[in-house]
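I have placed the structure first, in the form of structure tokens, so that the comments after it can refer back to it.
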Amino acid sequence: MNEFTMPTQYSALETEGKWYAAWEAAGLFKPDESGSKPIYCITIPPPNITGSLHMGHALCYPLQDTLGRYQRLQGKNVLILPGQDHAGIATQSVVDKQLKKEGKSAAAIGREKFVERVWEWRKESGDTILHQLRSLGCAFDWSRLRFTLDEEYADAVLKVFINWFDRGLIFRGKRVVNWDPILQTSVSDIETERKTVRGKLYYVRYPFADGSGDVVIATTRPETMLADVAVAVHPSDARYTGLVGKYLILPLLNRDIPLISDIYPDPAFGSGAVKITPAHDANDYQVGIRHGLPMPTILDERARIILEGTKYHSLDRLEARKQVVADLEEGGFLVKIEDHEIPILISERSGEVIEPLLSEQWFVDQPKLAERVIPHVKAGDVKFHPPRYERIFLDWLENIREWCISRQLWWGHRIPIYYTADGTPIAAMSQADAEQKSGQAIVRQDEDVLDTWFSSGLWPFATLGWPHDSSDLKRFYPTSTLITDRNIINLWVARMMMMGYDLTGEKPFSDVIIYATVLREDGRRMSKSLGTGIDPMTIISTIGADALRYTLLSQTGENQDIKYSDRKTEEARNFANKIWNATRFVLLNVESTPAEPTQFEIVDQWLLSRLAATEKEVRRAYDEFDLQSACQALYRFFWSEMCDWYIEVTKSRLANQETKAVPQWVLLTAINAFLKMMHPIMPHITEELYSHLPLKDKAAFIMAEAWPQIPDSWTNPQAESTVERWFTITRALRGLRAEVGLDAKSQIPSVHFVGDLQGGDAVIQSQARASALVLGVPTGPKSISTTIGGVDLYLPIEGLIDMEKELGRLGREAQKTREDLDKLQLRLTNPQFTERAKPEVVARETELAAELQDKLQKIQIRIQLFTG
RNA sequence: GGGCGGUUAGCUCAGUUGGUAGAGCGCCUCGUUUACACCGAGGUGGUCGCGGGUUCGAGUCCUGCACCGCCCACCA
């Protein structure tokens with residue numbers, strides 16, 4: 001396709017596909033293997049293999065691609081390393097559901113077959129999202145693709161476990177953990193969500209064993225009384241003075257339990273007495289520990305009651321609640337029921353209410369690891385963008401707790417713990433290793449797998465070959481930038497920091513960018529389950545990846561949320577079309593690169609100066625991850641300055657053989673620079689247009705180009721202010737003609753002016769479409785007029801317009817001017833202002849007041865002329 | 001309960017160290033000029049959430065409050 005066959009509408013669909021293949025074939029996604037260029041590296045947040053592209057991804061991954069492309073243009077050796085996360089719980093759920101549909105179950109087919117089955121599933125449909133990232137234009141190095149269950153990666157994970165186990169950073173313990181009764185595994189605190197629901201508060205009477213009255217307790221979960229081992233009251237609570245130490249009869253089960261004293265109960269809440277169920281409540285567990293209480297468990301892994309020989313046995317927890325309440329009532333133990341707001345924990349994965357459950361799990365000593373990270377963050381070794389997230393991050397690290405890393409799943413890294421006959425745990429890479437290590441026979445391996453975040457915490461270095469001293473690790477680690485969303489700052493970023501500092505001795509990355517959440521236009525969340533999501537692939541296949549990228553990236557700054565809307569993608573599409581057509585215009589007018597001119601006109605200098613300013617701003621914006629400003633600067637330069645003004649002003653010069661060389665050169669230079677600066681955000685269209693530019697020295701791809709080098713000498717404030725004054729005058733003239741209803745196309749016979757046009761006569765005349773500019777006040781016919789930038793403009797309009805209307809307009813203008821002037825004078829006559837304000841401010845406002853004064857006088861004269 | 005972000009034109013948002021409020025879209029008027037109607041020209045539109053304070057001067061700084069959103073938190 002050459003410029004003459006370029007259609008007048010840009011078709012993203014025809015353009016985008018071909019370039020991705022071309023870049024990849026040219027090896028542009030891979031870093032240089034040799035050379036001394038500075039390094040830029042991102043290991044992308046690995047999407048889940050179960051995932052498919054959503055709007056969050058459509059922001060996150062192009063953002064990383066944009067930074068990578070920018071850094072390439074800046075001459076860096078760039079590696080953007082892609083990968084995928086095995087996503088333990090999510091993936092296991094998917095396959096579980098499939099099995100269920102087939103009438104099978106994981107339990108029935110067994111661990112080995114199940115894991116095989118998951119691998120099969122991954123082969124078939126686990127790569128969907130990787131293909132989608134390609135259609136977004138992401139220039140990732142697919143030759144280095146990593147998966148958290150790759151053999152090498154898995155090796156690294158196990159080594160970390162063993163290392164930490166041997167150092168005492170990993171230990172086994174019996175704790176109350178968050179149990180998900182649907183997934184039937186423990187989940188960590190940060191994988192749960194707190195909610196408040198309307199519920200009931202039950203007041204229950206526990207009689208004293210000696211028949212001397214009773215104690216009333218309040219509970220939201222009466223069914224757990226079946227596992228009560230005590231009732232606690234606060235030591236300062238006068239109501240219970242002298243009663244502590246006595247025994248109570250646990251209703252329904254008729255067991256004796258002690259009344260104990262502990263600081264946990266809040267005397268102001270309920271009756272001040274709390275039933276203690278250590279195995280099914282984290283707080284009660286602490287009380288149980290403090291008092292050495294027994295900790296019977298009465299719920300199984302599906303949250304059913306396990307109490308052989310009672311009527312409650314095998315009831316679901318909610319069924320059991322009804323039964324217990326009914327029985328309490330019947331037995332006369334139920335005092336009252338109140339409505340109550342109950343805080344509950346929801347498992348983020350299954351949506352099920354979490355059951356606190358006492359069980360044996362593996363833990364990581366996070367407080368110890370965090371200690372090492374905190375000073376580095378405080379010292380600024382790792383910077384957050386926006387910076388407010390640093391505080392949030394540190395707060396969490398400073399209050400961090402143990403991390404439960406064992407999951408009762410099959411899909412994942414199986415915990416490398418082997419037990420000898422006497423139950424001693426040995427951490428080793430294999431059973432053989434364990435036997436060698438312990439000198440004993442191994443009877444079994446731990447059944448659990450590791451929390452997915454344990455393995456993804458190693459991402460920035462395990463993907464580069466750690467723990468081996470690989471050349472990639474040496475060259476690309478520490479990585480440069482991490483881009484992620486705020487929901488996983490604690491879940492993932494913190495883990496990478498702790499693991500990175502502990503295992504590599506270095507920070508995993510220098511900058512952490514937290515990007516905005518993409519909401520719907522109405523401000524609601526996009527959610528697949530609610531059907532409120534918008535599929536990015538649909539957008540890509542209608543208006544193109546570039547437009548989608550621009551839509552999201554042009555809203556990306558320090559904001560917390562951005563709203564997606566079709567109107568915005570339309571804007572982006574229009575911008576792409578504008579870029580297409582303006583370039584098309586230039587190509588129609590420029591057949592080859594002219595030599596660099598030695599003489600420029602002022603408008604040329606103006607555009608080059610604007611280009612210089614734009615380049616500076618865009619570079620600053622990219623460097624500070626402020627893509628919003630980058631887009632704004634590029635949009636303004638291209639559309640307002642280059643298209644609306646420079647091209648329009650220059651058309652006549654381009655039509656003339658004698659004068660066309662200079663504007664041709666300027667336009668080509670501006671477009672070339674613009675396309676490079678725009679390329680990181682809109683890679684396809686810029687690559688396409690670049691390929692058509694008739695440049696002498698040109699890289700094979702814009703992607704492999706260098707960032708535009710703008711000479712300092714192009715910065716020309718003088719030219720900028722002069723030319724912008726011409727434009728202001730032009731706009732004023734256009735305004736005058738529109739005011740009186742003259743067609744925009746028709747020529748005005750002549751415009752009179754008084755004042756200095758600073759060489760802008762020709763530009764003003766042509767852009768305002770006047771057939772002549774005449775110096776001096778028009779003598780004969782009546783005119784409409786205005787004063788702008790120190791120039792009085794007169795448009796003779798006798799017979800063309802309604803004189804009454806014009807008088808009205810002049811009256812309004814006079815009034816507005818007077819109001820402005822009054823405000824200013826009020827300030828200028830205030831000694832407080834003239835004495836305390838900065839002298840330059842006073843000077844400027846004094847000058848402005850003089851101008852307004854002058855303008856007002858002239859308007860008044862015109863009114864007189866008109867009426868006279 | 002604690003913390004963070006937001007509140008500026010009908011809509012979505014910019015607004016640098018305090019110095020007469022901006023963009024895009026929408027709306028209105030005009031327009032088939034050697035790119036582009038996914039366009040061009042002009043215009044309408046804002047007591048900058050509310051109340052105090054600092055200052056000659058506040059969208060911008062301080063302080064209360066309201067509303068929206070997010071995060072953290074062991075009250076049965």
Side-chain angles (χ1 to χ4, degrees), chain A residues 3 6 8-10 176 190 194 201-202 217-221 224 232 264-266 268-277 281-286 340 342-343 356 386 388-389 391-392 395-396 399 486-487 489-490 517 519 521 523 525 543 554-555 557-563 565 567-568 570-589 628-629 632 635-636 639-640 643-644 647-648 651-652 654-655 731 734-739 741-746 767 769 819-820 823-824 827 830-838 840-842 844-845 848:
Chain A
E3 57 272 25
M6 282 171 75
T8 60
Q9 275 197 11
Y10 171 59
V176 173
I190 31 191
R194 223 159 258 283
L201 186 61
Y202 302 86
I217 59 95
T219 180
T220 56
R221 299 201 52 196
T224 62
Y264 164 57
D266 173 4
F269 186 93
S271 61
V274 187
K275 64 191 234 13
I276 299 299
T277 322
D281 183 282
N283 289 313
D284 292 7
Y285 175 75
Q286 294 303 327
H340 190 65
I342 306 179
R388 61 175 179 269
Y389 288 109
R391 191 66 254 159
I392 293 170
D395 283 348
W396 194 73
N399 297 298
R486 62 176 180 272
N487 295 319
I489 293 176
N490 300 335
T517 304
L519 303 175
E521 194 172 7
R525 281 176 171 280
I543 60 157
S554 66
Q555 297 181 75
E558 294 205 337
N559 39 354
Q560 174 172 293
D561 303 312
I562 61 183
K563 289 173 192 155
S565 85
R567 289 208 325 276
K568 286 177 194 160
E570 217 168 277
E571 247 178 88
R573 181 205 57 184
N574 293 353
F575 185 38
N577 195 241
K578 188 73 179 180
I579 297 169
W580 178 263
N581 274 296
T583 308
R584 186 168 155 267
F585 172 79
V586 171
L587 292 173
L588 284 165
N589 283 283
Q628 186 172 258
S629 300
Q632 200 179 312
Y635 188 99
R636 178 189 147 97
W639 200 314
S640 309
C643 292
D644 289 348
I647 288 182
E648 291 309 320
K651 274 178 177 168
S652 58
L654 286 169
R731 273 191 217 102
R734 286 171 176 170
L736 280 185
R737 77 190 301 155
E739 188 79 40
L742 284 175
D743 284 354
K745 61 172 178 179
S746 60
Q767 295 315 112
R769 306 193 75 72
E819 282 169 10
D820 288 350
K823 261 196 278 180
L824 259 182
R827 194 173 316 162
N830 181 354
Q832 302 271 46
F833 172 71
T834 47
E835 281 161 25
R836 298 196 197 186
K838 277 180 267 177
E840 63 265 31
V841 172
V842 178
R844 195 168 63 233
E845 305 221 333
L848 190 60

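Throughout, a chain's letter reflects where its sequence line sits, starting with A, and its residues are numbered from 1.
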Rounded C1' spacing from B/rG51 to B/rU7 in Å | 16 Å
Given the C1' atoms of B/rG53 and B/rG10, what is the spacing between them in whole Å?
-> 34 Å
Atom-pair distance (CZ on A/Phe585; C1' on B/rG40), nearest Å | 14 Å
Examine distances only and state if a side-chain atom of A/Asn581 and a backbone atom of A/Thr8 form a donor-acceptor pair shorter than 3.5 Å.
-> yes
Could you tell me whether A/Leu848 contacts a base, only the sugar-phosphate backbone, or nothing, with contacts defined as non-hydrogen atoms closer than 4.0 Å?
-> base
Could you tell me whether A/Lys651 sits above the aromatic face of A/Phe585, with NZ or CZ closer than 6.0 angstrom to the six-membered ring centre and within 45 degrees of the axis?
-> yes
List in chain and number order the residues that pass salt bridge (charged side-chain N to carboxylate O under 4.0 Å, His left out) with A/Arg567, two or more places apart in sequence or in another chain; answer none if no residue qualifies.
-> A/Glu521
P spacing across the pair B/rC36 / B/rU47, given as an integer number of angstrom = 41 Å
Has the side chain of A/Arg573 got a donor or acceptor atom sitting under 3.5 Å from an opposite partner on the base of B/rC38?
-> yes
If the C1' atom of B/rG59 is compared with that of B/rC13, how far apart are they to the nearest Å?
-> 14 Å
Can you list the residues that meet the side-chain contact (heavy atoms from CB on, under 4.5 Å) rule with A/Pro343, with sequence neighbours excluded?
-> none
Quick one: do the A/Arg525 and A/Thr517 side chains pair a donor with an acceptor below 3.5 Å?
-> no
Could you measure between the two P atoms, the one in B/rC48 and the one in B/rA9, and give it in whole Å?
-> 10 Å
Is A/Arg636 atom CZ crowded by more than 12 heavy atoms from other residues, nucleotides or ligands, each under 6.0 Å away?
-> no
Do any side-chain nitrogens or oxygens of A/Trp639 fall under 4.0 Å of OP1 or OP2 in B/rG40?
-> yes
Encoded 5' to 3' (Watson-Crick or G-U under 3.5 Å; [ ] crossing; | other strand), RNA chain B becomes ((((((((.[[[[.)...(..]]]].(((((.......))))).....[[[[[..)....]]]]])))))))....
If a protein heavy atom is under 4.0 Å from the base, mark B; if only from the sugar-phosphate, S; if neither, -; do that for nucleotides 69-76 of chain B going 5' to 3'.
-> BSS-BBBB
Closest-nucleotide 5' rank along RNA chain B - winner of A/Glu845 and A/Arg391 = A/Arg391
Write down the protein N/O and nucleotide N/O pairs, taken from nucleotides 10-12 of chain B, whose separation is under 3.5 Å; answer none if there are no such pairs.
from   : atom 1 : to       : atom 2 : distance (Å)
B/rC11 : O2'    : A/Arg567 : NH2    : 3.4
B/rU12 : O2'    : A/Lys568 : NZ     : 2.7

With RNA chain B as reference, determine whether A/Asn581 or A/Arg734 sits nearer its 5' end, using the nearest nucleotide of each.
-> A/Asn581
What's the shortest heavy-atom distance between A/Asp284 and A/Thr277, and which atoms?
-> OD2-N, 2.7 Å
Distance, rounded to the nearest Å, where A/Arg737 contributes CZ and B/rU33 contributes C1' | 12 Å
All side-chain hydrogen bond (donor to acceptor under 3.5 Å, both in side chains) counterparts of A/Lys823, not counting sequence neighbours = none
For A/Glu835 and B/rG19, give me the distance from atom CD to atom P, rounded to whole Å.
-> 22 Å
A/Lys578, nearest nucleotide to its side chain (from B/rG19, B/rC39, B/rC25) | B/rC39
Whole angstrom is fine here: how far is it from CG in A/Leu588 over to P in B/rC36?
-> 9 Å
ring-ring contact (aromatic ring centres under 6.0 Å, His included) against A/Trp396, all qualifying residues, sequence neighbours excluded | none
Can you tell me how far P of B/rA35 sits from CG of A/Asn577, to the nearest Å?
-> 14 Å
Selected nucleotide, minimal atom distance to A/Arg731 side chain, candidates B/rG19, B/rU33, B/rG42 | B/rG42
Please identify each residue that fulfils salt bridge (charged side-chain N to carboxylate O under 4.0 Å, His left out) with A/Arg827, with sequence neighbours left out.
-> A/Glu845
Partner residues of A/Glu570 under the salt bridge (charged side-chain N to carboxylate O under 4.0 Å, His left out) criterion, sequence neighbours left out = none
Rounded to the Å, how far apart are A/Arg636 CZ and B/rC13 C1'?
-> 17 Å
Rounded to whole angstrom, note down the C1' distance from B/rU55 over to B/rC72.
-> 38 Å
Heavy atoms under 4.0 Å, any strand shown: does A/Glu558 hit a base, just sugar-phosphate, or nothing?
-> nothing
By side-chain contact (heavy atoms from CB on, under 4.5 Å), A/Ser554 pairs with (sequence neighbours left out) A/Tyr550, A/Cys631
Answer yes or no: side-chain N or O of A/Gln9 and base N or O of B/rA37 forming a donor-acceptor pair under 3.5 Å.
-> no
Between C1' of B/rG24 and CG of A/Asp644, the distance in whole Å = 13 Å
Rounded distance in Å - CD (A/Gln767) to P (B/rG42) = 11 Å
Residue A/Ile647, side-chain heavy atoms: nucleotide from B/rC39, B/rC4, B/rA35 that is nearest = B/rA35
Please measure how far the P atom in B/rC25 lies from the corresponding atom in B/rC61, and state the result in whole Å.
-> 30 Å
Determine the Euclidean distance between corresponding C1' atoms of B/rC11 and B/rG64; express it in Å to zero decimal places.
-> 31 Å
Phosphate OP1/OP2 of B/rA35 contacted by A/Lys651 side-chain N/O (<4.0 Å) | yes
Taking only residues two or more places apart in sequence or in another chain, which ones pass salt bridge (charged side-chain N to carboxylate O under 4.0 Å, His left out) with A/Asp266?
-> none
Residues forming a side-chain contact (heavy atoms from CB on, under 4.5 Å) with A/Ser629, sequence neighbours excluded = A/Glu617, A/Arg620, A/Ala621, A/Asp626
